[in-house]
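Just so it is clear, the values below take in all heavy atoms, side chains as well, and ignore hydrogens, waters and symmetry mates. Each chain gets a letter, A, B and so on, in the order its sequence line appears, and its residues count up from 1.
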Amino acid sequence: MATTDQEVNELIKREYEHGFVTDIESDTFEPGLNEDVIARLSGIKKEPEWMLAWRLKAYRRWQEMDEPNWAHVGYPKIDYNSISYYSAPKRKEDMPQSLDEVDPELLKTYEKLGIPLHEREKLAGVAVDAVFDSVSVATTFKEPLAKAGVIFCSISEAIRDYPELVQKYLGSVVPHGDNFFAGLNSAVFSDGTFVYVPKGVRCPMELSTYFRINAANTGQFERTLIIADEGSYVSYLEGCTAPMRDENQLHAAVVELVALDDAQIKYSTVQNWYPGDENGKGGIFNFVTKRGACIGKNSKISWTQVETGSAVTWKYPSCVLRGDNSVGEFYSVALTHNHQQADTGTKMIHLGKNTSSTIISKGISAGKSSNAYRGLVKFGPGAEGARNFTQCDSLLIGDRCGAHTFPYIESKNKSAIVEHEATTSKVSDEQMFLCRQRGIDPEQAVSMIVNGFCKEVFKELPMEFAVEAGKLLEVSLEGSVG
Amino acid sequence: MLSIKNLHASVEGKEILKGINLEIKAGEVHAIMGPNGSGKSTLSQVLAGNEAFEITEGEITLNGENLLELETEERAREGIFLAFQYPVEIPGVSNLQFLRTAVNAMRHHKGEAEMNAAEFMKLAKEVSKQVDLDPAFLKRGVNEGFSGGEKKRNEIMQALLLQPKLAILDETDSGLDIDALQVVSNGVNALRAEDRAILMVTHYQRLLNHIVPDHVHVLAGGKIVKSGGRELALELEERGYGWLGIKDEEEAAANSAN
């Protein structure tokens, strides 16, 4: 039977599609991190003084913090002084006013990635904020969104144009001292997306940010802040890719979501950072803090993630369910292969009454990879009648990979109910034989089996991205059958 | 159509098939009978190209083409179909999606246009009725939560959809009650055609009351020890395998334990 396992392993070898480098002139900082670098970064972005003070406070705090080592991952020590903390394509003094002013080389890059920035094109129903290395290069559909009262812009613009909102909410969900990587991000974040949906407004289109790392030896530290005011709704998508490089690159983002009374935020990620080559060389270190606060009653935050990239992933999109009757959801597909390592999951913190949360996690491990689910479900003393349902399924492809599940449950309220289900299965030789006996190509068979395994999560994705996610898995599993 | 010459096959170093010779012509129905452990299922698996088995000697040709050079999926596309004894589950993949993928793989191979979802749905509904399966089955995961009888009917339904040249039925009667046996048999009889051969592997003769074979072969110890017509099966039923000097492995094991 070993022969078939071997074959399956052949199948999951893949080419990384987005590994090209855009040849563009950039302004890039010398590697290194100190207070002067932060001041220079803040200066380039023409930030108000309070922002610089905020960054410096975070930086001082970060210097006292230790890098976390509890995750089920291993990677060489990162020298934070060998990273450049800012890189941006050269351009005129001001932000381009329209797409016509955006460097055609950049537009081509996004075309090639399948994200056309020209409005009225393929993704006509989706507004895109394109972040290239450290800066946002274009944001589409700003006008129709503005008509609806929705603010959708880069975080740099928001700091200048909407200081009250930013000051009120930035760091309110993920404070400086939350963790090492969040601290670093707070000090050096370069750009990212800001969304504000006013009271009672249902955002008229999907919003999305496409993150692209291009420059070598730089880190990407983006910051996203989404605020859904009372009774509003927004669906937001995030996509990410990077060139193939032999060196590891650090991506340490922070995403904060705030949902007020009766508001809903749906946040979807299709993460396809460069995972490194088949020997585990290169790839992105994806150390990300994502958290949403349901501060209002009856509010809801839903995370859906499809994680196929990165050399190492350390990421736990979480919900703090403060408002009574608030709902948190986490749907995740994490695929690892070759030498990829993922330690991902969620935290559901129940504080309000009758809060409920659902966790559906699907981990797929192939090659020599390691895939861990780590999740915390916590009930505070006030979480009367709260409940959680957790389902963690692992699928193994081949026999050299590993899957681990680390569920933590803490309850300070006796009325809280927790249900937990976990399964581990394998793409079996029998399944492969059945498919092939029916004339189906082995690649197609693996992809069909894996897609079937992920079905519960894919159906949570907005339609455009469900198709993309399915294809992404197909590409991820595509290989060279001998 | 199918020609097997001096076929030897082993699994994990243990020889199971020890020189099988068999000729099957188009339009014929052959039954392979034999006690447990005689190599019946191995023969089915080897014909379909299961790589767990190693062919150490001999040849298999389908209409003159060397089957041993073809991958499992290529053999399937050339018209070899195996109805599994224990069909495996594929959770989350709907039967409909699975079947359409299979049918389209075959159509693609023949240079025919693929069927779209609507066309296929119509066809699948018709065929599901032939084996008395509620079309709601099409939406469920492949074999997921199916009863034994449902799994077997699902296998026959696939044969009807894929219209193979050679249908191999591995213990299709096992685990079926009388009603289900009748339904499955009707399905198999509907498969009978002048340009198609059927190879049934079975432990018991009762299936052959419903699907009457043209030829019956007795497999024992990895070899065909006797061939005959329909009457051979009846004689076996009456007199048991012991009549041919063969011991059922279970019996043998039970005896040696005594």
Side-chain angles (χ1 to χ4, degrees), chain A residues 1-11 331 333 360 362-364 391 393-397 421 423-460 466 469-470 473-474 477 481-482, chain B residues 11-12 44-45 47-54 70-95 97-110 140-144 151 154-155 157-159 161-164 167-168 170:
Chain A
M1 303 275 181
T3 48
T4 353
D5 272 343
Q6 185 98 42
E7 241 168 63
V8 173
N9 284 322
E10 287 287 307
L11 288 177
Y331 299 99
V333 165
I360 308 278
K362 304 273 180 178
I364 302 149
Q391 184 186 331
D393 298 325
S394 308
L395 183 69
L396 304 174
I397 303 178
E421 290 175 9
T423 66
T424 301
S425 53
K426 244 192 110 178
V427 172
S428 68
D429 295 342
E430 289 78 13
Q431 287 171 329
M432 289 299 289
F433 185 53
L434 169 61
C435 292
R436 294 176 63 191
Q437 210 301 302
R438 297 302 184 251
I440 300 169
D441 272 325
E443 288 99 334
Q444 212 181 349
V446 172
S447 145
M448 188 166 69
I449 294 166
V450 169
N451 268 286
F453 174 74
C454 300
K455 200 158 122 183
E456 283 163 284
V457 173
F458 285 173
K459 73 179 198 313
E460 296 298 327
L473 280 194
E474 230 161 84
L477 296 165
V481 194
Chain B
V11 65
E12 286 161 8
S44 325
Q45 298 279 324
L47 287 173
N50 188 338
E51 286 153 5
F53 297 90
E54 195 194 345
L70 299 183
E71 296 289 341
T72 305
E73 59 275 15
E74 292 169 326
R75 295 186 197 193
R77 290 175 204 147
E78 290 302 326
I80 298 247
F81 178 91
L82 171 62
F84 287 86
Q85 182 178 6
Y86 302 112
V88 65
E89 295 185 1
I90 309 180
V93 176
S94 78
N95 224 6
Q97 186 197 354
F98 174 73
L99 296 176
R100 185 157 77 95
T101 306
V103 166
N104 280 337
M106 303 289 187
R107 291 177 72 97
H108 182 80
H109 177 69
K110 289 185 207 150
R140 286 170 54 182
V142 176
N143 293 313
E144 217 181 341
K151 283 184 182 170
N154 194 26
E155 292 295 293
M157 173 174 156
Q158 291 173 39
L161 273 173
L162 295 170
Q163 297 284 315
I168 305 160
D170 190 3

Exercise for the section: Find the one option among B:Leu82, B:Asn143, B:Asn104, B:Leu99 whose heavy-atom pairs under 4.5 Å with chain A are most numerous. Expected result: B:Leu82
Handout entry: Non-hydrogen side-chain atoms of A:Glu430 and B:Tyr86 separated by less than 4.5 Å
Key = no
Practice task
Determine the minimum heavy-atom distance between A:Cys435 and B:Ile90, stating which atoms define it.
Solution key: SG-CD1, 3.7 Å
Practice task
Calculate, to the nearest 0.5 Å, the distance between atoms CE and CD belonging to A:Met432 and B:Glu73 respectively.
Solution key: 8.5 Å
Problem - A:Met448 side, atom CE; B:Thr101 side, atom OG1 - distance, nearest 0.5 Å - result: 5.0 Å
Exercise for the section: Supply the atom-to-atom distance B:Thr72 OG1 to A:Leu434 CG, rounded to the nearest 0.5 angstrom. Expected result: 11.5 Å
Exercise for the section: Heavy atoms only: give me the nearest A:Gly439-B:Ala105 pair and the separation to one decimal. Expected result: O-CB, 3.2 Å
Fill in the blank from the handout: Under 4.5 Å to a heavy atom of chain B? For A:Glu456 that would be neither
Handout entry: Heavy-atom side-chain contact between A:Ser428 and B:Glu89 under 4.5 Å
Key = no
Practice task
Mind checking the CZ-CD spacing from A:Arg436 to B:Glu74? Nearest 0.5 Å is all I need.
Solution key: 9.0 Å
Practice task
Please state whether the side chain, the backbone, both or neither of B:Phe98 comes within less than 4.5 Å of a heavy atom of chain A.
Solution key: both
Practice task
Without swapping roles, check the side chain of A:Gln437 against the backbone of B:Ala48 for a donor-acceptor pair under 3.5 Å.
Solution key: no
